[in-house]
Amino acid sequence: MVSASASQRADVVLVGGGLANGLIALRLKSLRPTLRVVLLEQGPTIGGEHTWCHFATDVDAAVAGWLRPLIVHRWSGYEVRFPGHRRELATDYLAITSQRLHQVVSAALGADAWLGASVTDVNPHQVTLADGRILVAGAVIDGRGPRKSRSLALGYQKFVGQGVRLTAPHGLTRPIIMDATVSQEDGYRFVYVLPLDPTRLLIEDTRYSDGPALDRVGLRRAIGAYAKAQGWTIAQVEREEDGILPIALGGDIDAYWKGARSQVAEVGLRAALFQPTTGYSLPDAARMAEAIAGLPKITSATVRACVEARSKTTWRRRRFLRLLNRMLFKACAPDQRYRVLERFYRLSPGLIQRFYAARLTRWDKVRILIGKPPVPISAAIKCIGESSVFGGQDA
């Protein structure tokens, strides 16, 4: 029996302390400071152990302005490497760490950032914790990561990353976003490297794979082998992160939302808001936080309606990106997928920027498809409809 004193009231309860809810908390405290916003995180820190990156061109100036306190690293350009092509591009690249997110969100929420808070029940009006406490709120927002659904067909970008300190300077001045000169295993494989200071790097071994199984031990070995091949000696592994991000191949977004078990507002990956080809969610999460904080009235119903409408509209606008993903995953042999990206990175810098920002023009789409295709034409034709990844009618 829970005593009356175990029940508390808040204006907004954020279930899960990941990126999406962290950004919502910051926007609400900035734009609606009189609201009581409580964030519930099961783990010991907000954000877990992650690094979130984006290009400067992925967000507009207004969003970039309020994200600025979260930015830990900024580089004036990046590099890609493929067996037959290497290139440097000048677009600024920015990184947010979970440590900074924890610091900034904790400062904004104070005692209303509840860590070690295990949740047993979530509904649009209240949240029940494992210790018996109940939070009653006008708006409950669920940001606890992806929701499984048969309505979406997915591939996966999965990775293990290690923050390492080297025995000598590495010599890099900008990130290597993709080094696909490595052996191709478990789909399209590349190594991602962020130079953090003269002797510290984040090295991630990444696979674009058909399945979500993550071989952490194997990927750790691969990171060590890559560092050795670059002539880097690792003095210490300072931290480790991993992830399994969704890559959208097809789906019925209306059925996805109908499949939600309750009318709780869902955000982030749970709302299918991510760049379809990279799986990155930061730009969408920032724009969603801005929209929620600007609602005339913040309730579970109004937030749910706002998020669902944006999710459906965004999904439909990104249909072309899902087509490209199907060609990558379904029309190309796994160990040849790198050829698709190698060809893509020969295109104009502006097109590449718009691709990552998911704002391709009609001419961009034509330009991507014309010329000698990197996949068999017959296989590409079979992938045109979204039904090709479901085996039924077109989703």
Does the side chain of [X] pick up a donor-acceptor pair with the side chain of [Y] at under 3.5 Å?
| X | Y | answer |
| --- | --- | --- |
| D252 | S151 | no |
| W257 | E266 | no |
| Q162 | E241 | no |
| R189 | S183 | yes |
| T314 | S311 | no |
| Y226 | D179 | yes |
| D186 | S209 | yes |

More than 12 heavy atoms from other groups under 6.0 Å of CZ on R150 =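 Open.
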
ask   = Is it the case that more than 12 heavy atoms not belonging to R346 sit under 6.0 Å from its CZ atom?
value =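 Yes, because the 6.0 Å sphere around CZ of R346 holds more than 12 heavy atoms from other groups.
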
Charged N to carboxylate O under 4.0 angstrom, [X] versus [Y]?
| X | Y | answer |
| --- | --- | --- |
| E240 | R220 | yes |
| R322 | E386 | yes |
| R207 | D242 | no |

Tabulate below the donor-acceptor pairs under 3.5 Å that side-chain atoms of residues 55-64 make, not counting sequence neighbours, or state none.
unit_1, atom_1, unit_2, atom_2, d
D58, OD2, F55, N, 3.0
D60, OD1, A62, N, 3.2
D60, OD1, V63, N, 2.9

key: R147 to Y256 six-membered ring, cation-pi geometry met (6.0 Å, 45°)   =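 Yes, cation above the ring, under 6.0 Å and within 45°.
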
Say you draw a straight line from [atom1] of [X] to [atom2] of [Y]; how long is it, rounded to the nearest 0.5 Å?
| X | Y | atom1 | atom2 | answer |
| --- | --- | --- | --- | --- |
| M178 | E342 | CE | CD | 12.0 Å |
| L28 | I141 | CG | CD1 | 6.5 Å |
| L26 | E290 | CG | CD | 11.5 Å |
| D284 | L269 | CG | CG | 9.5 Å |
| S106 | L115 | OG | CG | 6.0 Å |

Heavy-atom pair of closest approach, residues S281 and L19 =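 So the two residues come closest at OG-CD2, 4.1 Å.
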
request  = For residues 163-174, pull every pair meeting side-chain hydrogen bond (donor to acceptor under 3.5 Å, both in side chains), keeping only residues two or more places apart or in separate chains.
outcome  =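 Pairs touching residues 163-174 that pass the test: R165-Q236.
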
request  = State, yes or no, whether a side-chain contact exists between Y156 and D210 at a heavy-atom distance under 4.5 Å.
outcome  =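 In short, these two side chains do not touch, never coming nearer than 4.5 Å.
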
Counting N and O atoms only, with roles assigned by atom type, does the side chain of [X] sit under 3.5 Å from a partner on the main chain of [Y], one being a donor and the other an acceptor?
| X | Y | value |
| --- | --- | --- |
| D205 | G161 | no |
| H85 | Y345 | yes |
| T206 | V191 | no |

ask   = Step by step, would you call D364 with R354 a salt bridge (Lys or Arg N to Asp or Glu O under 4.0 Å)?
value = CA-CA 9 Å; D364 289 336; R354 292 188 292 274; 2.6 Å; yes

request  = Can you spot which of V303, V37, L39, V267 makes a side chain to side chain contact (heavy atoms under 4.5 Å, CB included) with I24?
outcome  =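 Only one of V303, V37, L39, V267 forms a side chain to side chain contact (heavy atoms under 4.5 Å, CB included) with I24, namely V267.
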
key: Option passing side chain to side chain contact (heavy atoms under 4.5 Å, CB included) with W114 (candidates V38, V13, V119, L14)   =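 Passing option: V38.
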
